[in-house]
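This report refers to the structure that appears directly beneath it.
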Amino acid sequence: MTDKPRLTALRLHKALYPIWRNDPGWKGILTTVNNNTIGGMFIMGATGMFLVGGILAMLIRAQLASPNSAFMGPEVYNQIFTMHGTIMMFLFAIPFFEALTIILLPGMLGTRDLAFPRLGAFAFWCYMIGSTSMIVALLAGVAPDGGWFMYPPLSSSAYSPGINTDIWLLGISFIEISAISAAVEIVVSVLRYRAAGMSLDKLPIFAWYMLVVAVMILTAFPPMILGSLILELERAFDMPFFQAEHGGDSLLWQHLFWLFGHPEVYIIFLPAAGVVSMILPVMARTTLLGYGWVVTAAISLAVLSFGLWVHHMFTTGIPHMGLAFFSAVSTLVAVPTGVQIFAWIGTLWKGRPELHLPMLWILGFFVTFVMGGLTGVMVAMVPFDWQAHDTYFVVAHLHYVLIGGYVFPMIAGVYYWLPVLSGRKRFFRMGETAFWLVMVGFHGTFLLLHWAGLLGMRRRVDTIEAGSGWELINLLASISGFILAIGFALVVLDVAVNAVVAVRCRRNPWNAGTLEWATPIPGPAYNVASIPVISSRYPLYDNPDLPVQIARGEGFLGTPIRNRRETLAVSVSRAEPEFIAVFPHNSIIPFAMAVVTSIVFLAPVFKWWWLMFAAAAGVTVLALCWVWQGGSRQDEGLLDAGRGLSLPTHAEVPYPPGWWGTLFLLLANSVLFGSLLFGYAFLWTVAPNWPPPAILQPGFWGPVLAIGGGAFASGGIRLADRAIRNEGASWLGLLASLAGLAGLGAGAWTIFAGTTYNAHAYDATLWVIAGYVTFHAGLAGLMVLFLTARIQAGFISARRCGDARVVQLWIDYAVLVAGLGLGAAWLPGWLP
Amino acid sequence: MVIGGITPLMLAGCEERVSAVHPAGPAADIIATLWWVMLAGATAIFLLVTILLVLAFRRGGGPSGEAADIRRETVWIKGLGLGFTMAVLAALTVWGLWIGERLLPRPGPDVVAVEAEGRQWVWRFTYPDAPGRMTEDELHIPASRPIDVHITSTDVIHSFWVPRLAGKLDAIPGHVNVLRIEAWEPGEYAGFSAEFSGTGYRRHTFTVIAHEAAAWNAFLAGEMP
Amino acid sequence: MKDILRLSLPLSVWIAAFSGVYGLEGVVCSDRGAGAGLGLGQGRAVLVVAWVVAIAVQVGLIFGLRTPRFASAQPWVQRVSMILACVALVATVWSLLPVVTTSLCL
């Protein structure tokens with residue numbers, strides 16, 4: 001390498017940097033859409049929440065250190081443990097791995113940013129506002145106090161008056177919007193935004209894990225959002241979903257909650273497994289053993305984890321056969337876990353492992369997580385769970401799994417990727433001391449708590465009683481707990497100090513083989529100067545010159561001639577270049593949208609309905625501004641993408657990134673709708689006080705309007721789509737679909753007219769179904785109007801028809817849910 | 001191992017009053033056996049994994065190449081990952097289900113029915129064999145006879161749990177769940193509500209009093225409080 | 001995208017079958033099931049039939065995903081999808097085995 005290529009690289013950097021950089025000053029933070037900036041803020045926010053959750057844990061251990069403690073009364077203690085669980089699960093664990101993913105993924109995939117940069121910013125701001133509100137509630141003494149799984153009727157208005165529970169339900173739903181946004185972004189990024197040639201078998205293993213995890217977020221969170229929504233409806237309007245005397249059933253909440261809650265555990269574990277799979281081979285100077293098997297294990301684990309939710313409900317009186325199904329899946333899910341564990345140990349045997357600090361944490365992970373996994377298999381046994389359930393055995397088990405299986409690998413990851421995150425390598429050596437403090441503290445705290453549980457210590461008791469036999473164990477646990485806290489504090493301090501003031505280091509200090517080490521460190525705003533072509537899982541091992549070639553612009557899009565943010569989109573399976581994705585510039589809209597969305601969720605806490613509706617209108621306006629910004633008013637045709645290839649932009653392909661994002665958003669949406677139908681069927685079969693006193697008679701006009709409306713809506717948009725592609729007049733089709741959507745809405749309205757929303761759980765459920773259908777008909781109608789405006793403004797042409805496809809997807813979805821939902825609502829009336 | 005070592009220490013006190021691993025009835029007994037076997041098995045597997053990890057650091061790396069990797073996949077993934085885990089888990093699952101079957105409240109001539117109703121923060125017990133009898137926070141049963149406790153709640157969810165006799169079962173408004181318990185010997189056994197129920201949760205406890213046959217008949221006849 | 005579908009189909013069918021059989025068991029054991037005159041013997045027969053059908057579908061998927069029409073052009077994807085199909089078959093047999101071994105509605 002002589003001086004010449006370096007000059008080229010520097011010139012390319014000087015050309016790319018102004019295009020991709022954030023706005024200067026404080027404004028830059030609010031308007032940034034860059035993955036490195038957002039990820040950095042995200043990771044700091046999540047770490048802050050970890051510290052808050054940790055302080056709450058210390059308060060818990062202080063309370064339980066001695067018998068008959070007078071430190072806190074149950075009113076305060078209940079808030080403390082509820083918030084500890086809530087913060088660690090929702091405000092730390094999920095955001096932290098999402099943050100790490102947002103930073104690392106573009107580099108690993110060899111692309112310039114994630115698929116929807118503004119969505120990433122929106123996710124971050126939703127998270128920040130939501131978690132700040134929760135902390136404010138805690139400081140104000142109105143924090144939720146019903147336990148982090150909020151079982152009704154305890155969480156119903158009769159037994160939890162006051163706003164504590166509302167803050168939980170609405171705050172957590174709001175934060176889940178953030179998780180779902182990030183998940184959509186991650187899925188589409190992994191599927192479409194990669195280096196050329198990075199076919200599915202060459203994805204970095206972490207990207208595989210995150211693809212799986214993101215799909216899990218999309219399918220696991222909606223049941224919980226639905227549960228929160230209907231519980232809030234019950235609290236606010238007395239719609240009796242969970243009240244037995246009016247045909248509701250508190251078990252419905254448990255099903256919806258754990259339909260989310262168990263996959264959630266694997267949503268947290270799998271990113272950590274991805275981190276281990278990335279780091280461990282590098283630490284052992286080899287490559288991952290059984291890559292295909294590990295991918296298989298991750299996918300199997302993901303799907304199996306949706307078949308074990310009832311193992312949280314073994315003591316609710318479900319018949320033994322039902323429990324047996326879930327017990328069987330709960331043990332089966334340990335098989336893919338075992339496959340991963342042994343693949344990792346086999347990798348260590350294959351190579352020559354070196355004991356760097358990340359490796360030390362991974363060893364801590366192995367020891368702790370294996371123990372947690374084994375106690376997990378124990379509680380999968382129905383009879384044993386009947387004893388262990390809701391005792392400190394379960395508390396100890398879940399801390400082994402979550403801290404051992406998640407926090408330890410994440411710390412390993414932070415130390416390993418510290419050069420990528422900060423450009424510096426570790427200089428101050430507090431890390432080893434911190435590691436041993438954490439290990440001693442952790443096992444000292446939790447190992448014997450298993451035993452306390454078997455000795456009858458229930459979780460969530462506000463103090464222990466003298467003579468119970470748990471005093472010594474709890475004293476030991478409290479002392480160790482403080483050692484653990486000091487250890488974690490040292491880790492945070494060590495990382496912070498090293499990230500800020502340690503010596504700068506050379507690129508790729510660990511000699512890793514994946515692409516996140518191919519860029520200058522810390523990663524520049526554009527991540528890669530050009531998009532490389534790769535041919536194996538470890539491109540840097542094949543071609544040590546790759547970083548230089550990328551920097552010199554020898555990959556795709558290496559000459560930024562069009563002065564805008566561009567990256568390459570590839571085909572899903574083989575990663576052949578397909579089109580040029582043009583990214584949006586810095587924008588205040590994501591921040592503004594998050595602020596206004598937060599009002600939609602927080603106004604109902606105080607029953608300020610007018611404010612909620614005003615904010616919802618504001619969200620609509622901002623969303624329209626958001627989508628209006630994309631696209632182009634003229635056809636650009638095929639553009640030079642470098643390396644002799646010409647490609648269209650994303651505006652001129654039939655299925656643009658927005659269509660893909662919509663597809664996965666609708667996947668999440670359909671799971672929410674499916675959960676609603678499940679709830680309806682569940683109440684019919686299991687709930688007490690059924691059938692309802694009066695059953696809705698479908699009549700004639702409701703079904704006719706719905707069927708006719710569905711046909712017009714779907715047919716009309718297809719007519720419009722064909723007209724657009726043939727440069728014809730699309731107004732007729734658009735009008736027809738608009739009329740059809742109005743018909744759907746009118747069909748759904750007959751249900752409101754025929755039932756009383758709070759008479760019985762049946763009526764309440766029908767109102768939610770009809771409301772869901774009406775909402776989607778209205779949303780699709782708004783999109784048709786938006787499309788009409790886009791056509792008028794010249795954004796749509798025969799080549800630029802992607803917008804119409806997106807609208808078509810939403811209309812078809814509205815028609816589908818109307819057919820299923822209204823059909824289910826009318827079915828009992830049709831039956832003899 | 002540590003846990004096992006501490007057991008004798010614990011036995012010295014009165015702590016076993018509330019312990020699931022000091023059974024006083026058949027259901028708690030078989031579950032305690034399940035626990036000890038699982039603890040032994042888990043310890044063995046944990047040691048195996050630890051030894052394999054330690055050995056990885058003592059070796060100098062193995063042969064490289066595709067053939068070697070395929071051999072490693074067979075040993076580590078197909079052998080240990082799939083074969084070993086599936087064999088252990090299948091056996092355990094079948095055993096766990098078999099135990100579960102034995103604990104179900106099957107009808108029988110000897111079975112005594114009682115009713116438990118949880119509320120914030122009291123347990124009320126009634127006795128179909130003695131209509132009109134109601135006790136609060138004290139459940140009377142005959143010793144060495146199978147008892148079916150019909151459990152429900154009038155407000156929030158609670159859970160009926162007598163650790164030395166059997167596992168727990170929830171009290172859910174609108175539902176009646178049936179739990180089979182049995183005490184070998186007459187005596188008093190501590191019971192808890194084991195589902196978080198608000199500020200009075202910790203004190204939501206009760207006592208099960210198991211009587212000899214004669215005393216039980218006397219209780220049914222209304223002679224005892 | 002077709003390759004992604006190939007990879008996710010068998011286990012998705014498993015979770016659908018699993019949830020379906022669990023729901024069926026719920027109906028059989030509910031008051032509504034008993035009210036509809038469904039006896040325990042018939043109930044178990046229905047469950048066993050559902051289990052057998054679920055297994056048959058999984059076996060069908062294994063063979064279907066091998067045919068030239070549905071096989072992936074990428075050998076790696078093809079291999080992983082076959083393993084996942086086998087995983088789904090094992091999961092179907094394993095997770096629903098209780099329909100023949102466990103008491104119904106107790």
Side-chain angles (χ1 to χ4, degrees), chain A residues 74-75 78 147 151 153-154 159 244 249-251 289-290 293 315-317 320 324 327-328 331-332 334-335 338-339 341-343 345-346 348-353 363 366-367 370-371 374 377-378 381-384 386-387 389-390 447 450-451 454-456 458 460-463 467-469 688, chain B residues 2-3 6 10 13-15 18-21 31 34-35 38 42 45-46 49-50 52-53 56-57 59-62 69 72-73 76-77 80-82 85-86 89 92-93 96-97 99-100 103-104 155-157 159 163 167-170 172-175 177 192 194-199 201-202:
Chain A
E75 293 80 7
N78 294 349
Y151 281 175
L154 183 62
Y159 303 100
D249 196 334
S250 55
L251 281 181
L289 178 71
W293 285 100
T315 65
T316 56
H320 192 234
S327 175
T331 55
L332 188 60
V335 176
V339 167
I341 297 273
F342 286 112
I345 300 178
L348 289 179
W349 278 57
K350 181 180 157 193
R352 277 184 301 280
L363 290 180
F366 267 111
V367 170
V370 167
M371 289 169 77
L374 290 166
V377 172
M378 292 180 188
M381 294 297 104
V382 177
F384 182 67
W386 285 339
Q387 286 285 23
H389 181 71
D390 268 338
L447 185 62
H450 290 105
W451 187 242
L454 291 180
L455 291 180
R458 297 166 288 160
R460 297 173 174 178
V461 287
D462 56 294
T463 182
S468 57
Chain B
V2 180
I3 293 177
I6 281 192
M10 296 295 172
C14 59
E15 294 84 36
V18 293
S19 164
V21 280
I31 296 175
L34 175 66
W35 149 251
M38 287 196 299
I45 293 173
F46 176 71
V49 172
T50 313
L52 290 175
L53 270 177
F57 283 83
R59 295 169 60 268
D69 276 0
R72 285 192 187 96
E73 284 191 15
W76 289 102
I77 292 171
L80 284 166
L82 288 171
T85 53
M86 282 178 82
L89 290 167
L92 186 62
T93 310
L97 293 183
I99 292 176
L103 299 180
L104 296 179
D155 45 34
V156 304
I157 298 175
S159 192
K168 59 183 76 63
L169 194 61
D170 289 356
I172 300 170
H175 293 269
N177 289 330
F192 300 117
E195 180 63 60
F196 178 67
S197 56
T199 49
Y201 171 56
R202 179 171 52 87

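Protein chains get the first letters and strands the later ones, always in sequence-line order, with residue 1 at the start of each.
Top candidate by heavy-atom pairs under 4.5 Å with chain A, chosen from Glu195(B), Met86(B), Lys168(B), is Lys168(B). Options Ile99(B), Leu89(B), Leu103(B), Thr85(B) differ in how many heavy-atom pairs under 4.5 Å they form with chain A, and the most are formed by Leu89(B). Per-residue heavy-atom pair counts under 4.5 Å with chain B were compared for His320(A), Glu75(A), Arg460(A), and the maximum is reached by His320(A). Note: Gly167(B) leads Gly167(B), Ala194(B), Ser197(B) in heavy-atom pairs under 4.5 Å with chain A. Put simply, of Ile341(A), Val382(A), Leu363(A), the one with the most heavy-atom pairs under 4.5 Å next to chain B is Leu363(A). Counting heavy-atom pairs closer than 4.5 Å to chain A, the top residue among Leu34(B), Leu80(B), Val21(B), Thr50(B) is Leu80(B).
In this structure, the side chains of Ile345(A) and Leu53(B) come closer than 4.5 Å at one or more pairs of heavy atoms. In this structure, the side chains of Trp35(B) and Gln387(A) stay at 4.5 Å or more apart for every pair of heavy atoms. Between Ser19(B) and Leu454(A), every side-chain heavy-atom pair lies at or beyond the 4.5 Å cut-off. At a threshold of 4.5 Å between non-hydrogen side-chain atoms, the residues Phe342(A) and Ile77(B) do not count as touching. Side-chain contact between Tyr151(A) and Val156(B) is absent, with no heavy-atom pair separated by less than 4.5 Å. In this structure the side chain of Ile157(B) never reaches within 4.5 angstrom of the side chain of Leu154(A), judged on heavy atoms.
Closest non-hydrogen pair, Met381(A) versus Gly96(B), comes out as SD-CA, 3.8 Å. Nearest heavy-atom pair across Pro173(B) and Ser250(A) is CD-OG, 4.3 Å. Scanning all heavy atoms of the two residues, the minimum distance from Met378(A) to Ala42(B) falls at CE-CB, 3.6 Å. The minimum heavy-atom distance between Pro353(A) and Phe57(B), with the atom names listed, is CB-CE2, 3.7 Å. Residues Leu348(A) and Ala56(B) share a closest heavy-atom pair of CB-CB, 3.7 Å. Scanning both residues, Phe192(B) and Gly456(A), for their nearest heavy atoms gives CE1-O, 3.7 Å.
Residue contact with chain B, scored on non-hydrogen atoms closer than 4.5 Å, involves the backbone and the side chain of Phe384(A) alike. With a 4.5 angstrom heavy-atom cutoff, Asn177(B) touches chain A only via side-chain atoms. Leu169(B) touches chain A through backbone and side chain together, each having a heavy atom under 4.5 Å away.
Under a 3.5 Å cut-off, the side chain of Glu73(B) and the backbone N or O of Leu289(A) do not form any donor-acceptor pair. A donor-acceptor pair under 3.5 Å is formed between the side chain of Trp349(A) and the backbone N or O of Leu52(B).
Interatomic distance, OH of Tyr159(A) versus CG of Asp155(B), reported as 4.5 Å (0.5 Å rounding). In this structure, Thr93(B) OG1 and Leu332(A) CG are separated by 8.5 Å, a value rounded to the nearest 0.5 Å. Rounding to the nearest 0.5 Å gives a distance of 7.5 Å between OG1 of Thr315(A) and CD1 of Ile172(B). The structure places NZ of Lys350(A) at 13.0 Å from CH2 of Trp76(B), a figure rounded to the nearest 0.5 Å.
A donor-acceptor contact closer than 3.5 angstrom is absent between the side chains of Thr316(A) and Asp170(B).
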